[in-house]
Peer 1: 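Dropping a structure here in structure tokens format, bear with me for questions.
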Amino acid sequence: MQKLVILFLFFSLFSFSQDKTQRQITATLKDSTQLKAKAIFGIDNFGTLYYATDNNSFHKKTKDTTITYANFQLGDITSANTFNPLKINLFYKDFNTVVVLDNRLAEIKKVDFNTIQPYKNVSFVSSGFDNSLWLFNQDYQYLELYDFKANKIKLKTVPVQSEVLDLKSDYNYCYLLTKNYLYVYSYFGSLIRKIENSGYESIAFNEAHLVLKKGESLFILEKNESIITPIQHPKMLIKQFLVTNETVYIYGFNLLHLYQLKIE
């Protein structure tokens with residue numbers, strides 16, 4: 001009898017595992033928009049678009065208006081995090097500096113890590129909760145949660161042992177992609193999940209999903225899951241990609257394509 005119970009549990013777990021790995025995720029083209037941009041950084045639920053142009057200006061474009069921020073002294077914008085539209089942060093890696101903007105693109109705070117003690121050599125920046133930023137300290141190879149208002153480090157993670165490729169976050173989670181692993185942290189800095197990287201190069205994230213890019217293919221990691229599933233989509237050059245709820249945006253050749261995700 002005991003053997004039968006064990007056998008039943010084995011087949012139940014096997015069937016569950018098979019069902020999880022065989023989920024079908026497709027991306028269907030719904031719309032395309034002409035857009036000339038150097039880089040696209042975010043699209044919110046209302047269609048507000050955040051992007052940079054060749055003159056290193058940062059733009060916030062809504063249906064009715066476009067407003068612009070420019071700081072030519074700092075050069076190229078390496079990354080911009082628009083998850084919190086009231087505290088947008090622009091990272092200028094060449095100058096080791098972050099500029100925090102409000103929803104009208106007015107400066108709230110300029111953080112020059114060259115002048116902060118102890119000195120920080122920052123290679124990646126992403127948004128945290130409240131007045132905090134996730135920073136990857138290149139010299140020590142760990143993440144720091146930095147309060148830019150209080151100029152204080154709230155926490156540090158254990159150092160990683162491989163090259164960092166990308167960093168994305170929201171109020172609750174932080175995703176660090178390295179050549180060897182994808183690390184998932186809580187907002188307390190605790191390591192929740194560690195998944196082997198099988199060739200993923202970059203990531204996009206919102207509250208529902210993490211999307212990963214490998215070559216010209218996209219994959220999805222659903223919240224609270226450990227299985228990365230391929231997205232079935234038409235073959236195309238993926239210059240940049242973003243995700244908002246059940247929508248994936250792919251940018252290339254001055255066209256922004258909107259794909260609707262369907263998970264079965």
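In what follows, every heavy atom counts, from backbone to side chain, and hydrogens, waters and symmetry copies are set aside. Just so you know, residue 1 is the first one in the sequence shown, and it goes up from there.
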Peer 1: Which heavy atom of L210 sits nearest to which heavy atom of L212, and what is that distance?
Peer 2: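 That would be O-CD1, 4.0 Å.
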
Peer 1: Shortest non-hydrogen contact from W134 to S127?
Peer 2: CD1-O, 3.4 Å

Peer 1: Look up atom NZ in K110 and atom CG in N71, then write down how far apart they are to the nearest 0.5 Å.
Peer 2: 5.5 Å

Peer 1: To the nearest 0.5 Å, how far apart are CG in N103 and CD1 in I108?
Peer 2: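 Rounded to the nearest 0.5 Å, the CG-CD1 separation comes out at 8.5 Å.
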
Peer 1: Any idea which heavy atoms bring Y249 and L256 closest together, and the distance?
Peer 2: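 Looking at all heavy atoms of both residues, the shortest contact is CB-CD1, 4.0 Å.
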
Peer 1: Closest approach of N254 and Q34, non-hydrogen atoms and distance?
Peer 2: O-OE1, 3.4 Å

Peer 1: Using 0.5 Å steps for rounding, measure from the CG atom of N137 to the CG atom of L135.
Peer 2: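 Going from the CG atom of N137 to the CG atom of L135 covers 8.0 Å.
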
Peer 1: Relative to the ring of F58, is the ring of F41 parallel (under 30°), tilted (30 to 60°) or perpendicular (over 60°)?
Peer 2: tilted

Peer 1: On the ring face of F219, is K213 found with NZ or CZ under 6.0 Å from the centre and within 45° of the axis?
Peer 2: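 Because its charged atom misses either the 6.0 Å distance or the 45° angle limit, K213 does not stack over F219.
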
Peer 1: Would a distance-only check, ignoring hydrogens and angles, find a side-chain to backbone donor-acceptor pair under 3.5 Å from K87 to D102?
Peer 2: no

Peer 1: Do Y92 and L105 belong together in a cluster built from hydrophobic side chains that touch within less than 4.5 Å?
Peer 2: yes

Peer 1: Could you report the tightest heavy-atom contact between S162 and N180, atom names first, then the distance?
Peer 2: CB-ND2, 3.2 Å

Peer 1: Which distance, rounded to the nearest 0.5 Å, do you find between the CD1 of I67 and the NZ of K61?
Peer 2: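 I67 CD1 to K61 NZ: 13.5 Å, rounded to 0.5 Å.
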
Peer 1: Determine whether more than 12 heavy atoms belonging to other residues, nucleotides or ligands lie under 6.0 Å from atom CZ of F129.
Peer 2: yes

Peer 1: On the 0 to 90° scale, with breaks at 30° and 60°, tag the F113-Y146 ring pair as parallel, tilted or perpendicular.
Peer 2: perpendicular

Peer 1: Determine, step by step, whether F91 and F124 satisfy the ring-ring contact (aromatic ring centres under 6.0 Å, His included) criterion, reporting the C-alpha distance in whole Å, the side-chain angles of both residues, the deciding distance to 0.1 Å, and the verdict.
Peer 2: CA-CA 8 Å; F91 177 45; F124 290 88; 7.9 Å; no

Peer 1: Test N45 against every option in N245, N206, T244 by the side-chain hydrogen bond (donor to acceptor under 3.5 Å, both in side chains) rule and name the one that passes.
Peer 2: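 Single side-chain hydrogen bond (donor to acceptor under 3.5 Å, both in side chains) partner of N45 among N245, N206, T244: N245.
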
Peer 1: Output all residues satisfying salt bridge (Lys or Arg N to Asp or Glu O under 4.0 Å) with K38, sequence neighbours left out; order by chain, then residue number.
Peer 2: D76

Peer 1: Would you compute the distance between atom CD of E163 and atom OG of S123 and round it to the nearest 0.5 angstrom?
Peer 2: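 Result: 9.5 Å between the selected atoms.
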
Peer 1: Can the ring centroids of Y175 and Y185 be said to lie less than 6.0 angstrom from one another?
Peer 2: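 Not close enough - the centres of the two rings lie 6.0 Å or further apart.
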
Peer 1: I need the minimum non-hydrogen distance between I195 and S226, along with the two atoms involved.
Peer 2: CD1-O, 3.9 Å

Peer 1: Between CG of N172 and OG of S186, what distance do you get to the nearest 0.5 Å?
Peer 2: 9.0 Å

Peer 1: Hey, mind stepping through E264 and K262 against salt bridge (Lys or Arg N to Asp or Glu O under 4.0 Å) and telling me if it holds?
Peer 2: CA-CA 7 Å; E264 297 177 322; K262 184 177 181 182; 3.2 Å; yes

Peer 1: Using a 3.5 Å cut-off and no angle test, enumerate the donor-acceptor pairs between side-chain atoms of residues 231-240 and protein atoms at least two apart in sequence or in another chain.
Peer 2:
unit_1, atom_1, unit_2, atom_2, d
H233, NE2, L218, N, 3.2
Q240, OE1, I40, N, 2.8
Q240, NE2, I40, O, 2.8

Peer 1: Applying a strict under-4.5 Å side-chain criterion to I, L, V, M, F, W and Y, I'd like to know whether L191 and L176 cluster together.
Peer 2: yes

Peer 1: Between Y142 and K156, is there a cation-pi geometry (under 6.0 Å to ring centre, at most 45° from the normal)?
Peer 2: no

Peer 1: With side-chain hydrogen bond (donor to acceptor under 3.5 Å, both in side chains) as the test, pick out the partner of H209 among E225, E246, K223.
Peer 2: E246

Peer 1: Take N55 and S57 through the test side-chain hydrogen bond (donor to acceptor under 3.5 Å, both in side chains) and record every step on the way to the result.
Peer 2: CA-CA 6 Å; N55 61 357; S57 295; 3.1 Å; yes

